[in-house]
Structure formats: C-alpha cells, structure tokens
Number of protein chains: 2
Amino acid sequence: MPTETFFNLSEAKQKRIFEAAVKEFAARRYSEASINQIVKEAQISRGSFYQYFNGKEDLYLYVLTEIGKEKMAIALPRQLPEDADFFSVYLSMVRDIVAWTRKRPLYTRIGMLMELDDSEFIAKLTSRFPDTWAGLRALLERDKKLGRIRPDVNSDLVIQILYNQNLHFQKTLFRQGNLDDMLPQVEELIKVLKEGIALV
Amino acid sequence: MPTETFFNLSEAKQKRIFEAAVKEFAARRYSEASINQIVKEAQISRGSFYQYFNGKEDLYLYVLTEIGKEKMAIALPRQLPEDADFFSVYLSMVRDIVAWTRKRPLYTRIGMLMELDDSEFIAKLTSRFPDTWAGLRALLERDKKLGRIRPDVNSDLVIQILYNQNLHFQKTLFRQGNLDDMLPQVEELIKVLKEGIALV
DNA sequence: GTGTCATATGACAAGGTTGTCACATTGTTT
DNA sequence: AAACAATGTGACAACCTTGTCATATGACAC
C-alpha cells in the first residue's frame with residue numbers, strides 16, 4: 001500500500017511512476033530490480049520515492065495489484081458454456097493469455113519473471129495468491145466424473161504439465177517474440193495430452 | 001582455465017577452493033554468486049583468488065568441467081539394449097539423474113540454478129554445450145520409424161515436456177527434498193504421455 | 001647469509017545497492 | 001503578507017560487489 005501522499009499526486013505523475021516501475025520489473029526480476037533505475041526513469045528524486053512507498057516490496061505489491069485490477073476488468077466479460085470440456089476451457093484460457101500479452105506485453109513479462117525469481121519475498125507472495133490453475137484442476141476432476149477423462153490419471157501432474165509448458169512458451173516467446181506460434185503449439189500439446197503418443 | 005599457479009597448489013587446497021565454489025554456486029545462481037563468499041569459505045585471500053582464476057566466469061567454467069569429468073566417469077558404465085524403446089531409455093536416464101543427485105546433490109543443484117539464470121554469460125554457455133536431450137530426441141525419431149510412436153507427433157514438443165517436467169521435479173525436490181517421490185512421478189508422466197488422458 | 005622466485009595478503013579504488021534526513025521549495029490557509 | 005503544511009531534493013552513511021597492486025612471506029639455490 002503506497003502512502004497517502006502518493007495518491008495525492010497528480011494522475012499523470014502517479015502514472016509516470018507506475019510505468020517506470022512496470023518497465024523495470026519487466027526488465028529485471030524483483031530481486032535484481034533497482035529503485036535507482038525507477039526513480040531515474042520516472043524523473044523523481046530518490047527522497048520522493050521513499051515518501052510514496054515503503055520500499056521495493058511496497059512498490060512491487062502496488063504494481064501487482066494494479067495489474068490484477070486491469071486483468072480482472074478484462075477477464076470478467078468472457079463466458080463459456082457451463083459444460084465446456086476441460087480442453088476447450090484450457091484453450092480459451094490460452095487465447096486469453098495471448099490476447100492479454102498482445103495488449104500488455106510487459107505485464108505478462110512481469111508475471112514470468114516472478115515465476116523465475118526465488119527470493120524470500122516472492123516465495124511468500126506466490127504461496128499466498130490463489131492459483132488460476134486451481135480452477136482448471138477442478139474442471140479436470142469434473143470431467144473425470146463425467147467420463148470424459150480417464151479416472152486414473154493424476155490431475156496434479158496434468159495441470160503441472162500445462163503450467164510448465166505455459167511458462168516455457170512464454171519464456172521462449174520473450175526471447176524470440178513470435179506470439180503467433182503459441183496457439184498452434186498449445187493445440188499440439190492438447191493433442192498429445194489427449195491421445196498420447198504411443199501406437200497401439 | 002585456471003592459472004598455472006592454481007595447479008601448483010596442494011591437492012588439499014585446490015579441493016578446498018573447488019568445494020567452496022561448489023557450495024556457493026549451489027546456493028546462489030551464477031549472477032548472484034559472490035567471490036567474497038567463496039574466498040571466505042575457502043580461507044584464501046581475495047588477492048590469491050585472482051592469482052588462480054581470471055574471475056567468476058573462469059571459476060564457474062572450471063567447476064562445470066570438473067563436474068562434467070566426474071559425471072562422464074560414472075555415466076559411461078551403464079548400458080542398455082540397442083533396441084530399447086524411447087520410454088525405457090528415458091526412464092533409465094531419470095534413474096541415473098536420481099542416483100547422481102543422491103551422490104552429489106550440490107552438483108545437480110548447480111545445473112538447476114544454471115537453467116534458471118538468464119545472464120549473458122550463462123546464455124552463451126548453455127547455447128554452446130550439446131544437449132543431453134538431443135540424444136533422446138533422436139531416439140524418439142527412431143521409434144517413430146519403428147512404428148512404436150505415432151509418426152505425426154511433434155518430437156520437439158515431447159522432448160520439451162520431458163525437459164520441463166524434469167526441471168520442475170528438480171525444483172520441487174530442492175524445496176521439499178524427497179528424492180523418492182521423483183521416480184513414481186516420472187512413471188506417471190510416461191503413462192500420460194504414452195496413452196493420453198482422454199477416454200475414447 | 002643472501003638472492004631469487006613463487007605465493008599470500010589485505011587495503012584500496014570504483015562502481016553498485018538501499019534508506020535517511022536536514023533542508024529547499026512549493027501550496028494553502030489564515 | 002505571514003504562517004503553516006505538504007511535497008521535493010540530493011548528499012550522505014552503510015553495505016555490498018569486483019579487480020588491482022604494492023607489499024609481505026615463504027622456500028629453495030647458491
């Protein structure tokens with residue numbers, strides 16, 4: 001939570017600071033991000049920064065919640081049929097991610113770097129936040145009961161595969177930067193996961 | 001390549017330095033590892049260190065090649081039938097990793113942290129070294145031709161899944177530390193990959 | 001003992017980081 | 001205008017990092 005004086009600032013200045021922070025947190029992971037860099041970019045003095053935020057953690061939390069707000073505002077409108085199967089929902093989820101990345105590339109970059117950071121603070125953070133993937137897991141369980149998924153498969157493992165591949169796609173995406181490659185790859189992944197790769 | 005004076009040192013001292021380096025590189029990723037920490041642990045002076053090595057890169061390369069030597073010496077003895085199928089080879093590979101991790105936990109930890117580091121130097125390093133996983137990929141291709149694997153699956157994707165899951169297993173392993181959980185999880189992964197999860 | 005060479009040392013410079021604080025500059029209210 | 005509050009500022013201390021270098025210490029030869 002930023003201090004009150006921060007919120008007294010003009011919208012423009014708040015935005016300038018926010019965007020400088022986003023830029024830095026998308027360039028370096030949290031533990032390596034530099035406040036010096038941010039204040040330079042935002043064109044405020046070091047002293048001012050500490051009048052707005054308690055420190056790096058405070059700023060990071062603020063950036064994360066702001067991003068979360070915008071994400072929520074966008075994510076709500078989409079609707080899927082109640083009985084959509086696991087794979088369809090997952091695919092739609094990936095489409096959302098792609099769209100989101102198109103619109104706000106730096107935001108997903110921050111999320112990615114967060115996954116790669118293993119500092120104390122980030123560990124605490126990620127453990128507290130409820131997973132997006134937990135919902136997907138529930139869906140998988142439901143589809144098991146509906147007879148769509150083999151009941152003996154390990155749900156956690158499947159979700160983990162999707163999660164890890166997703167992270168991997170994003171990582172390569174930011175090295176090479178072809179967002180269009182992602183969807184076909186995910187479709188391929190779904191196919192492998194659905195049907196397996198062995199010949200009967 | 002360490003300097004000649006390093007190799008003139010007594011075995012014991014060389015070992016002390018090597019082990020201090022291993023300890024540090026297993027605790028922090030390369031970009032965050034501190035030479036100060038290493039010289040303190042090895043009980044040599046800062047000046048001496050720079051008489052042995054050019055710098056951090058030099059030391060890291062030395063540690064990596066030393067580990068590589070020991071790994072080679074162990075990996076060679078194992079043999080598998082010439083026509084062993086892809087999954088068997090993979091499983092045997094995982095068994096090797098588990099055994100290796102049991103014997104030298106810090107070594108695999110270094111490998112893991114290397115994957116998570118995205119510094120310039122590490123990027124150069126990983127791109128140059130030939131992948132262990134390339135061999136596995138070739139095996140998959142072979143099994144396609146032998147009619148064991150569906151010819152239309154994307155080999156790269158499959159290898160990537162295995163690679164990412166492997167990394168993930170190792171990561172969780174070092175957070176919780178139950179090495180015995182790994183093999184069953186890998187067996188589960190193989191099953192999912194083989195047969196798929198959808199009901200026909 | 002003296003000379004020579006290899007090795008050991010820690011202070012040092014130069015760069016980075018964070019957080020603080022006395023002070024300057026605005027703005028607002030009386 | 002004068003007083004008071006709010007905000008802006010950059011120098012500063014304290015703590016890191018790396019790489020260098022003049023000097024000290026040891027060992028061996030003559």
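Below, each value reflects all heavy atoms present in this structure, side chains not excepted, and no hydrogens, waters or symmetry copies. Just so it is clear: chains get the letters A, B, ... in the order the sequence lines come, proteins before strands, and each one is counted from 1.
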Legend entry - B:Phe86 six-ring centre to B:Arg142 NZ/CZ under 6.0 Å and within 45° of normal: no

Inset, instruction - Indicate whether any N or O donor in one side chain lies under 3.5 Å from an N or O acceptor in the other, for B:Ser34 and B:Asn36. - result: no

Legend entry - Terminal contacting nucleotides, 5' and 3', DNA chain C versus chain B (heavy atom, 4.0 Å): C:dT7 to C:dG10

Inset, instruction - Using atom NZ of B:Lys40 as one end and atom P of D:dT18 as the other, report the distance to the nearest whole Å. - result: 12 Å

Inset, instruction - Please state how far atom CG in B:Asp58 lies from atom P in D:dT18, giving the value in whole angstrom units. - result: 14 Å

Legend entry - Pairing of B:Glu41 and B:Arg16 as salt bridge, 4.0 angstrom limit: no

Inset, instruction - Considering just the side-chain nitrogens and oxygens of A:Ser48, establish if one lies under 4.0 Å of OP1 or OP2 belonging to D:dT7. - result: no

Legend entry - Between P of D:dT7 and CD of A:Gln43, the distance in whole Å: 20 Å

Legend entry - Presence of B:Tyr50 side-chain N/O under 4.0 Å of D:dG19 phosphate oxygens OP1/OP2: yes

Legend entry - Face-on cation placement of A:Lys56 at A:Tyr30 ring, 6.0 Å and 45° thresholds: yes

Inset, instruction - Just call it for A:Phe53: base, sugar-phosphate, or nothing, with non-hydrogen atoms closer than 4.0 Å on any strand. - result: nothing

Inset, instruction - Please state how far atom OH in B:Tyr60 lies from atom C1' in D:dT18, giving the value in whole angstrom units. - result: 19 Å

Legend entry - A:Asn8 side chain near D:dT7 phosphate (N/O to OP1/OP2, under 4.0 Å): yes

